[in-house]
Colleague: 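Take this structure first; my questions come after.
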Amino acid sequence: MLETYGTRGPSGMTWQNWARTEQATPARTATPASTDEVAAEVKQAAQDGLPVKAIGSGHSFSGVAVAPGVQLLPDRLTSAHAIDRTSGLVTVDAGLPLHQLNPLLARHGLAMEILGDIDRQTIAGAVSTGTHGSGERFGSISTQVRALELVLADGTVVTCSADERPDLFAAARVALGALGVITKVTLQCVPLYALRAVDAPMPLDDVLDQVDDLVATNDHFEFFWFPHTTTALTRRFSRLPGDTDLHPMSAFTRTVDDRIVTNIGFEAMLRVGSRVPRLVPGITRFVTKAVSARDFTDLAPNVFASQRSVRFREGEYFIPRAALVPALRELKTWVDTHDEAVSFPFEVRFARSDDIWLSPAFERDSAVVAFHQYHRMPHERWFGVCEDVLGDAGGRPHWGKMHRLDAAEMRERYPRFDDFAALRDEVDPHRAFANPYLERVLGK
């Protein structure tokens with residue numbers, strides 16, 4: 001069975017996402033094992049007068065995958081159908097999770113061009129919400145898609161690509177499940193490669209002063225910053241050939257940093273901080289100092305992905321690159337002048353522009369700012385401040401993260417929003433794939 005972030009059960013049981021921010025009690029659940037079985041479920045749902053929704057691993061913090069009607073589980077849609085090492089084109093079932101896809105590709109000398117920092121998502125879930133990594137030359141995972149197979153609302157099966165139904169392809173690569181159920185994904189992969197990772201602390205002011213150079217001179221650059229500190233934890237990755245001699249992180253370092261400090265120890269400290277909020281600034285300063293500098297080389301999937309066991313809430317906005325430094329300085333000033341206890345760091349990454357209609361990076365190179373809060377602590381005030389500042393900077397929220405925007409506000413941010421809405425009216429006029437989240441962000 002597919003390893004999942006969410007929790008679920010048979011029909012009548014409540015499903016929850018990993019963050020425990022969303023839940024649903026489906027009228028019926030199904031585990032189709034083929035495209036034909038998905039099509040049959042979609043047709044049956046229509047006959048029963050129920051909406052239908054395919055879910056992934058439950059990683060999204062938003063309600064994008066909530067399925068109150070018929071919930072399609074991806075557990076049996078996990079096969080690989082074609083792997084061409086010469087061209088790099090790979091076709092897999094939509095339910096294959098990234099942590100299973102990556103070793104499969106590696107056995108054929110291939111890799112995803114870029115990955116995010118979590119590998120629990122299904123490939124369809126990652127595509128549908130615009131999952132991304134960091135690097136000014138690299139787009140989201142959706143930009144690696146070369147074709148999609150979908151089941152539409154009437155049960156018909158279609159394939160779209162740059163040459164076949166190009167408008168559907170331009171929309172469906174980040175479609176939130178609103179246009180159909182993705183059943184197969186064809187990806188453009190690259191030869192297997194390694195990454196040299198250098199993790200090191202830097203004064204926050206130095207990072208902000210040098211951020212353009214840091215982004216330009218590293219294949220992948222990102223940084224974390226706890227708001228109550230003046231230190232940023234930077235990550236710099238250099239791409240190397242796949243046959244490079246590897247020097248992976250030692251088991252001791254991985255256990256101490258990734259398990260004890262950033263997971264078990266952090267959880268224990270934050271439980272205390274949730275009861276005594278005035279301790280939170282000291283906790284964040286301690287954690288910042290406790291994470292050690294590291295320099296290691298490993299295959300790319302082993303470097304990109306990290307373990308996250310401390311539960312949290314997350315929002316994330318894509319803003320114009322030029323707006324990053326002013327926005328972070330404004331947020332720092334707010335924290336420094338208010339008594340809000342912010343227990344989790346900002347994560348700042350970078351993404352190349354693309355041409356996908358509902359991609360947050362549509363036609364705009366972006367800085368991507370994620371903000372968080374420990375799940376046992378109130379987040380509403382802090383998230384509201386972050387959304388105000390990042391929204392005023394022209395930000396577009398990540399579809400899989402928490403945000404408060406509705407369809408009217410999304411229309412202002414996306415030049416092709418009305419084109420997407422018109423296409424949705426064409427392929428799903430009766431809203432077979434609707435749920436409350438889609439009604440809020442796309443309209444009814």
Side-chain angles (χ1 to χ4, degrees), residues 117 133-137 196-238 257 261-262 266 269 273 277-295 306 312 314-351 364-374 381-395:
D117 57 6
S134 188
E136 68 174 4
R137 295 187 291 108
R196 180 189 176 190
V198 178
D199 297 346
M202 283 182 65
L204 175 64
D205 284 339
D206 289 354
V207 172
L208 297 183
D209 289 343
Q210 302 170 32
V211 67
D212 288 338
D213 287 340
L214 290 166
V215 172
T217 57
N218 292 280
D219 291 319
H220 309 278
F221 176 77
E222 63 183 83
F223 66 93
F224 297 83
W225 164 52
F226 283 96
H228 300 292
T229 76
T230 57
T231 299
L233 303 175
T234 66
R235 307 204 77 192
R236 313 177 201 203
F237 299 161
S238 302
D257 279 4
V261 174
T262 61
F266 194 34
M269 288 184 284
R278 62 182 173 80
L279 298 179
V280 167
I283 290 171
T284 61
R285 288 190 286 269
F286 173 80
V287 172
T288 298
K289 292 179 180 178
V291 176
S292 62
R294 305 185 293 196
D295 186 339
S306 57
F312 55 87
E314 181 176 5
E316 184 175 78
Y317 272 66
F318 287 60
I319 63 176
R321 282 279 301 271
L324 174 64
V325 173
L328 287 183
R329 292 197 187 281
E330 182 176 351
L331 288 166
K332 183 178 186 303
T333 297
W334 191 91
V335 172
D336 291 345
T337 55
H338 291 76
D339 62 353
E340 191 78 3
V342 182
S343 59
F344 259 72
F346 285 107
E347 181 180 14
V348 181
R349 292 178 285 175
F350 303 87
R364 189 172 76 188
D365 292 336
S366 301
V368 189
V369 182
F371 44 94
H372 314 77
Q373 183 65 293
Y374 181 52
R381 184 190 188 201
W382 174 234
F383 278 28
V385 170
C386 291
E387 289 202 69
D388 286 343
V389 172
L390 299 174
D392 288 346

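The basis for the numbers below is simple: all heavy atoms, side chains too, and nothing from hydrogens, waters or symmetry mates.
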Colleague: Of all residues at least two apart in sequence or in a different chain, which pass the side-chain hydrogen bond (donor to acceptor under 3.5 Å, both in side chains) check with Asp392?
Modeller: none
Colleague: Got a salt bridge between Asp209 and Arg329, using NZ or NE/NH1/NH2 to carboxylate O under 4.0 Å?
Modeller: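 Between Arg329 and Asp209 there is a salt bridge, with a charged N closer than 4.0 Å to a carboxylate O.
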Colleague: Under the ring-ring contact (aromatic ring centres under 6.0 Å, His included) test, which residues partner Phe346, sequence neighbours left out?
Modeller: Trp225, Trp382
Colleague: Could you pull out the closest heavy-atom pair between Pro281 and Pro277, with the gap in Å?
Modeller: CD-O, 3.8 Å
Colleague: Measure centre to centre between the rings of Phe266 and Phe286, then say whether the value is under 6.0 Å.
Modeller: no
Colleague: With sequence neighbours excluded, what pairs up with Glu314 under the side-chain hydrogen bond (donor to acceptor under 3.5 Å, both in side chains) test?
Modeller: His372, Lys401
Colleague: Could you work out, with side-chain hydrogen bond (donor to acceptor under 3.5 Å, both in side chains) as the rule, every residue matching Arg364, not counting sequence neighbours?
Modeller: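 Arg364: no side-chain hydrogen bond (donor to acceptor under 3.5 Å, both in side chains) contacts found.
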Colleague: Tell me which donor-acceptor pairs under 3.5 Å the side chains of residues 334-343 have, and how far apart each pair is, sequence neighbours excluded?
Modeller:
residue, atom, partner, partner atom, Å
Trp334, NE1, His338, NE2, 3.3
Asp336, OD2, Lys332, NZ, 2.8
Thr337, OG1, Thr333, O, 2.7
Thr337, OG1, Trp334, O, 3.2
His338, ND1, Trp334, O, 2.7
Asp339, OD1, Arg381, NH1, 3.3
Glu340, OE1, Arg381, NH1, 3.0
Ser343, OG, Gln373, OE1, 2.4
Ser343, OG, Tyr374, N, 3.2

Colleague: Quick one: does any side-chain atom of Thr229 pair with a main-chain N or O of Thr231 as donor and acceptor, under 3.5 Å?
Modeller: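 Checking the backbone N and O of Thr231 against the side chain of Thr229, a donor-acceptor pair under 3.5 Å is found.
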Colleague: If you take all heavy atoms of Val207 and Ala232, which pair is closest and at what distance?
Modeller: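 That would be CG2-CB, 3.9 Å.
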Colleague: Should Leu331 and Cys386 count as side-chain neighbours, where that means a heavy-atom distance under 4.5 Å?
Modeller: yes
Colleague: Distance from His228 atom NE2 to Thr288 atom OG1, nearest 0.5 Å?
Modeller: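 With rounding to 0.5 Å, NE2 (His228) is 10.5 Å from OG1 (Thr288).
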Colleague: Could you note down all residue pairs passing salt bridge (charged side-chain N to carboxylate O under 4.0 Å, His left out) where residues 282-291 supplies at least one of them, sequence neighbours left out?
Modeller: none
Colleague: Can you see which heavy atom on Val211 is nearest to which on Phe223, and at what distance?
Modeller: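 Taking Val211 first and Phe223 second, the nearest heavy atoms are CG2-CE2, 4.4 Å.
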Colleague: Applying side-chain hydrogen bond (donor to acceptor under 3.5 Å, both in side chains), can you list everything that pairs with Asp199, at least two apart in sequence or on another chain?
Modeller: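 For Asp199, the residues satisfying side-chain hydrogen bond (donor to acceptor under 3.5 Å, both in side chains) (neighbours in sequence not counted) are Arg235, Arg294.
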Colleague: Where is the tightest heavy-atom contact between Pro201 and Ala293, given as atom of each residue plus distance?
Modeller: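 Nearest heavy atoms, Pro201 then Ala293: CD-CB, 4.4 Å.
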Colleague: CG/Leu390 to CZ/Phe371 distance, rounded to the nearest 0.5 angstrom?
Modeller: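 If I round to the nearest 0.5 Å, the distance is 6.0 Å.
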Colleague: Who pairs with Phe224 by ring-ring contact (aromatic ring centres under 6.0 Å, His included), at least two apart in sequence or on another chain?
Modeller: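 ring-ring contact (aromatic ring centres under 6.0 Å, His included) check on Phe224 returns nothing, list empty.
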Colleague: What heavy-atom pair brings Ile319 and Ala327 nearest, and what distance separates the two atoms?
Modeller: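 Shortest heavy-atom contact: CD1-CB, 4.2 Å.
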Colleague: Tell me, please, which residues at least two apart from Arg196 pass salt bridge (Lys or Arg N to Asp or Glu O under 4.0 Å).
Modeller: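 Salt bridge (Lys or Arg N to Asp or Glu O under 4.0 Å) check on Arg196 returns Asp295.
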Colleague: When rounded to the nearest 0.5 angstrom, what distance separates CG in Asp219 from OG in Ser238?
Modeller: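 It is 5.5 Å, given to the nearest 0.5 Å.
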Colleague: Closest heavy-atom contact between Ala351 and Phe318?
Modeller: CB-CE2, 4.3 Å
Colleague: What pairs with Gln210 under side-chain contact (heavy atoms from CB on, under 4.5 Å), at least two apart in sequence or on another chain?
Modeller: Met202, Asp206, Leu214
Colleague: Check step by step if side chain to side chain contact (heavy atoms under 4.5 Å, CB included) holds for Val348 and Val368.
Modeller: CA-CA 6 Å; Val348 181; Val368 189; over 6 Å; no
Colleague: Once side-chain contact (heavy atoms from CB on, under 4.5 Å) is applied, do any residues pair with Ser134, and if so which ones, sequence neighbours excluded?
Modeller: Glu222, Arg349, Phe350
Colleague: Arg321: which residues meet the salt bridge (Lys or Arg N to Asp or Glu O under 4.0 Å) condition with it, sequence neighbours left out?
Modeller: Glu136, Asp212
